[in-house]
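I have placed the structure first, in the form of structure tokens, so that the comments after it can refer back to it.
Predicted model only: the values in this text are computed from it and were never measured.
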Amino acid sequence: MPNAPGVDQSEIDIFLASSKTPLRLGTTNSKGEPKIHQVWYDYVNSKLYLMSYKNAVKVRNLKHNKTVYFSVDTDAMLNRGVKGKGTAIIVKDAAKALSLSEKIMAKYLGDLNSRHCEEYDRRGKEGLGGLG
């Protein structure tokens, strides 16, 4: 992310930490075919954290190719955003993955007591994973 023209790292950090715009994640499958996934994320210490179910297409794709591209950008004029390339790491520790996922859900849903959070929590215990 250090090569954003006309933007310094602190502006990138503030934008990614405060934006609730979903991240668009680009992966490729085992045949090299691209796929775009819209995901919720959290940004902490210059790292993007995503949540996903263990058997989701994006996770299966990452098992073949850990290189990802991403974009978080607004649709409003003047378009603002951050695009980049990275290497995905799948968080296998269930407690850490659940903690990361709860943080992400709270960011987008406001609190962890909503009906949607309860559903994610139930399904998560059945196979939620984290990407870091």
Distance in Å, Ser101 OG paired with Lys96 NZ, rounded so as to fall on 0.5 Å steps: 12.0 Å
Closest contact, heavy atoms only, Asp13 versus Ser46: OD1-OG, 4.2 Å
Distance (rounded to the nearest 0.5 Å) between Leu109 CG and Glu102 CD: 12.0 Å
Pairing residues for Ser18 by the side chain to side chain donor-acceptor pair (under 3.5 Å) criterion, not counting sequence neighbours: none
Closest approach of Asp93 to Ala95 (non-hydrogen atoms, all atoms of both residues): OD1-N, 3.0 Å
Evaluation steps, side-chain contact (heavy atoms from CB on, under 4.5 Å), between Val68 and Lys58: CA-CA 10 Å; Val68 296; Lys58 62 184 141 301; over 6 Å; no
Contact summary for Val39 and Leu50, nearest pair of heavy atoms: CG2-CD2, 3.8 Å
Lys107 charged N/C atom sitting above Tyr43 aromatic ring, 6.0 Å / 45°: no
Donor-acceptor contact present, side-chain Glu11 to main-chain Asp8, <3.5 Å: yes
Stepwise side-chain contact (heavy atoms from CB on, under 4.5 Å) check, Tyr41 with Leu16: CA-CA 9 Å; Tyr41 76 95; Leu16 289 174; 4.0 Å; yes
Nearest heavy atoms of Ala97 and Val91, plus distance in Å: N-CG1, 3.9 Å
Contacts of Arg60 that satisfy side-chain contact (heavy atoms from CB on, under 4.5 Å) - sequence neighbours left out: Val57
For Tyr69, all residues meeting ring-ring contact (aromatic ring centres under 6.0 Å, His included), sequence neighbours excluded: none
Geometric class of the Trp40/Tyr108 ring pair [parallel <30°, tilted 30-60°, perpendicular >60°]: parallel
Asp42/Met51 under side-chain contact (heavy atoms from CB on, under 4.5 Å): CA gap, chis, key distance, verdict: CA-CA 9 Å; Asp42 193 22; Met51 61 184 239; over 6 Å; no
For Lys66, side-chain contact (heavy atoms from CB on, under 4.5 Å) partners two or more places apart: Thr87
For residues 22-32, dump all side-chain donor-acceptor pairs below 3.5 Å to protein atoms at least two apart in sequence or in another chain.
| residue | atom | partner | partner atom | Å |
| --- | --- | --- | --- | --- |
| Arg24 | NH1 | Asp73 | OD1 | 2.6 |
| Thr27 | OG1 | His37 | NE2 | 2.7 |
| Thr27 | OG1 | Asn61 | ND2 | 2.8 |
| Thr28 | OG1 | Asn65 | ND2 | 3.1 |
| Asn29 | OD1 | Lys31 | N | 2.8 |
| Asn29 | OD1 | Gly32 | N | 3.1 |
| Asn29 | OD1 | Glu33 | N | 2.9 |
| Asn29 | ND2 | Glu33 | OE1 | 2.7 |

Side-chain heavy atoms of Lys83 within contact of Phe70, under 4.5 Å: no
Closest non-hydrogen atom pair, Val44 against Tyr49: O-CE1, 3.9 Å
